[in-house]
Amino acid sequence: MWLLNLNRKLYIFILTLSSPTSKLFPLKAKMSSRFVFLLLLVLISASYSNAYPLSTQKRWIIDEATGQRVKLVCANWAGHLQPMMPEGLDKRPLKEIVGELVKHNFNCVRLTYAIYMWTRYAHENVSANLASLDVPEVVQGIAKNNPSVLSMTHIQTFHAVVQELGAQNVKVLLDNHVSEPMWCCNDDDENGFFHDRHFNPQEWVHGLTLAAEHFNENPAVVAMSLRNELHGPRQNLKDWYRYMSQGAVAIHKANPNVLVLISGLNYDTELQFLRKRPLKIDLGKKMVFETHLYSWSGIGTLKLKEIWTKQPLNRICANNVKAIDYRAGFLTTGENAAPLIFTEFGFNEEGSSVEDNRFLTCLQTYLLGKDMDWGFWAFQGTYYLKKDQVQVEESFGVMDATWHNLRYPNFTDKFQLLQRKNLEPNSMAPIVNILYHPLSGQCAQVNDRNEVELGSCESKHRWVRGEDETKMLLHSTEKCLTATGEGLPVVVSDCEMKNSSWKSESLSKLHLASMNEQEEQLCLQKDSNSSTIVTSKCICIKDDSECLDDPQSQWFQLVQTNV
């Protein structure tokens, strides 16, 4: 503990030293750069190698060692189906699989498991279970890529996976997905809510306790969830408050180091009942909430996936954002603000679903507007056994069927800013903006001709609003974002020009529009043939039910950052 306190004090000292307004700032010039570098090295090493345990600070998750925020960027790695082990061990060696997570910039895994693995099958051998499932292809693949697994129990296999994740600095959010090992979820699966056939509350609490005790003091496991996607006809608030409280306290008692994630009702889309009656249990600074959303989830009056193509997209996106805030996002605001992790969302990565693609682009803007922690469904490219099908593909998987390649080639670009920590609550740096294009996932930068184009979000080009809020200045310059005409590149130029004034338009507030000399509104738009940002006639910025054109090429968002 003394080391944690020392790291925190060093961190605060260096922040203070680096601030030009600090009385200690003159001291910085007198100190050797080597000494400052060594101080920073101590902090970075401690934070990077451990970041354990984690705690909460208002709506943020922080590293107790340094006080710095830790943004969890998770991939869901399923291990809750009938084989009861993380998927893919028949495709590649474990070390290489974890290496793919690191390669694609995930710092966290939401590792799913079934309660019965702990309470009924703790000592069952992997080989025996696979034999009973009659999956010789899976056995052959594991024998080739991870032969030692075949002599392990299910729990030993999970332990080995967690150890490898920890060895490669990937944090683990251990997720209780189901009780009976199976694919989740359906309203009639008898696995969805307390007192269902496969959801005995006492056995569930016992399983959570066993898992928490097993990974106690294991620095790789930083969080545990209570239950994935409560659902079904038995749902009621009385049992939710009673048993979720029992489960949370049981985990905290067995493993006080981990964050405890609390899910809501109706497939974890609803937590709004907490507005009137908060969950009053003492978990210290370990209570975190989670929520899920897919294109088909149904938010408010939006019940059909097809709604994403049957109504104006600006309207649908705006309504979704409002509904997310009403049902779950409110938890991150106010005097009792708490962290909220979007532990599941995803899209068909084969590119065949227009609805999924539109939903994802809209959700990206919400996640970035709050710089939320999140978990993407799913990491796995295949399943050993899913609904009686052997080695079936996961169309929502980051990895393809071989587990060697990305299923969606543009994944890296699409998620680059989402994977970045953009806000640090303890930073003394000023808030500036990244001009973000959610459809491509890229960010605005200025080229040598002063033209604005899309590229890496690691560009140093940042933007700030002018005093009248209509100007967009390139940070640290006196130049403004300026339109030059319809179909022509946007540039940075003299701020006094009329066409350097911009206004957020449409219900989604994702259009940035400027007036041309003919008093017509022109919106920022990605050029269809290049990375250049141009201005074009605005697409469906009025709330017209007949306007169903796709405006995503014109969606731009100012994303706040102080990192």
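- Although no hydrogens or angles enter the test, the distance criterion places a donor-acceptor pair under 3.5 Å between the side chain of Asn426 and the main chain of Gly67.
- Aromatic rings from Phe376 and Phe411 are positioned such that their centres are separated by under 6.0 Å.
- For Trp118 and His214, the ring centers are positioned less than 6.0 Å apart.
- Counting heavy atoms from C-beta outward, Asn146 and Thr157 have side chains that stay 4.5 Å or more apart.
- With 3.5 Å as the limit, one finds no donor-acceptor pair spanning the side chains of Thr412 and His104.
- No hydrogens or angles considered: a donor-acceptor pair under 3.5 Å links the side chains of Gln552 and Thr361.
- Listed for the Gln380 side chain is a donor-acceptor partner under 3.5 Å among the backbone atoms of Ala78.
- Distance alone, capped at 3.5 Å, places no donor-acceptor pair between the Lys471 side chain and the Lys479 backbone.
- We find the CD1-CZ distance between Ile62 and Arg69 to be 11.5 Å, quoted to the nearest 0.5 Å.
- Between Leu368 and Asn422, the shortest heavy-atom distance links the atoms CD2-ND2, 3.6 Å.
- No donor-acceptor contact under 3.5 angstrom links the side chains of Gln419 and Asn107, judged on distance only.
- No hydrogens or angles considered: a donor-acceptor pair under 3.5 Å links the side chains of Ser179 and Arg227.
- Between Phe342 and Tyr366, the ring planes are perpendicular. Angles over 60° get that label, and only those under 30° would be called parallel.
- Contact between Lys71 and Trp374 at its shortest, heavy atoms only, is CE-NE1, 4.2 Å.
- Here the CG atom belonging to Leu265 is positioned 7.5 Å from the CG atom belonging to Leu271, to the nearest 0.5 angstrom.
- Partner Ser263 forms a side-chain contact (heavy atoms from CB on, under 4.5 Å) with one of Met244, Glu270, Glu344 and no other, that one being Met244.
- Counting only heavy atoms from C-beta outward, the side chains of Phe347 and Tyr408 approach each other to under 4.5 Å.
- The environment of CG in Asp282 is sparse: at most 12 heavy-atom neighbours from other residues, nucleotides or ligands sit within 6.0 Å.
- No donor-acceptor pair closer than 3.5 Å links the side chain of Thr332 to the backbone N or O of Pro339.
- Checking side-chain atoms of Asn562 against main-chain N and O of Glu424 turns up a donor-acceptor pair under 3.5 Å.
- Of all non-hydrogen atoms in Ala75 and Leu101, the two that sit nearest each other are CB-CD2, 3.7 Å.
- Rounded to the nearest 0.5 Å, atoms CG (Leu418) and SG (Cys457) are 9.0 Å apart.
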Inset, instruction - Give the intermediate values and the outcome of salt bridge (charged side-chain N to carboxylate O under 4.0 Å, His left out) for residues Glu458 and Arg420. - result: CA-CA 9 Å; Glu458 290 305 314; Arg420 181 183 187 272; 3.6 Å; yes
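- Defined by atom type and a distance below 3.5 Å, a donor-acceptor pair is missing between the side-chain atoms of Arg110 and Ser225.
- Distance alone, capped at 3.5 Å, places no donor-acceptor pair between the Asn257 side chain and the Pro53 backbone.
- In this structure a side-chain-to-backbone donor-acceptor pair under 3.5 Å is present from Gln364 to Pro438.
- Between Phe273 and Trp240, the gap from one ring centroid to the other is short of 6.0 Å.
- Residues Leu524 and Ile533 come closest through the heavy atom pair CD2-CG2, 4.0 Å.
- Looking only at side-chain heavy atoms (C-beta outward), Pro86 and Leu111 come within less than 4.5 Å of each other.
- In this structure, CG on Leu558 lies 5.5 Å from CZ on Arg465, to the nearest 0.5 angstrom.
- You'll find the side chain of Asn320 reaches within 4.5 Å of the side chain of Leu293, heavy atoms only.
- Side-chain contact between Met85 and Met117 is absent, with no heavy-atom pair separated by less than 4.5 Å.
- Contact annotation: the side chain of Gln57 approaches that of Pro425 to within less than 4.5 Å [non-hydrogen atoms, C-beta and beyond].
- Under the 3.5 Å distance criterion, the side-chain polar atoms of Trp463 are left unmatched by any main-chain donor or acceptor of Leu481.
- The backbone N or O of Phe379 sits nowhere less than 3.5 Å from a side-chain atom of Asn76 that would complete a donor-acceptor pair.
- Ring geometry for Trp377 against His177 counts as parallel: the plane angle stays under 30°, on a 0 to 90° scale with 60° as the upper cut.
- When side chains are defined from C-beta on, Leu360 counts as touching Phe345, because their heavy atoms get closer than 4.5 Å.
- Between Phe215 and His159, the angle of the ring planes stays under 30°, which puts this pair in the parallel group of the 30/60° scheme.
- Judged by distance alone, with hydrogens and angles left aside, the side-chain atoms of Arg59 form a donor-acceptor pair with the main-chain N or O of Lys370 at under 3.5 Å.
- Rounding to the nearest 0.5 Å gives a distance of 10.5 Å between OG1 of Thr209 and CD of Gln246.
- Between Tyr113 and Trp77, the ring center distance fails the sub-6.0 Å criterion.
- Between the CG atom in Leu274 and the CZ atom in Arg327 there is a gap of 13.5 Å [rounded to 0.5 Å].
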Inset, instruction - May I have the step-by-step check of side-chain contact (heavy atoms from CB on, under 4.5 Å) for Phe194 and Arg242, ending in yes or no? - result: CA-CA 10 Å; Phe194 306 109; Arg242 177 184 179 184; over 6 Å; no
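- At a threshold of 4.5 Å between non-hydrogen side-chain atoms, the residues Leu435 and Met472 count as touching.
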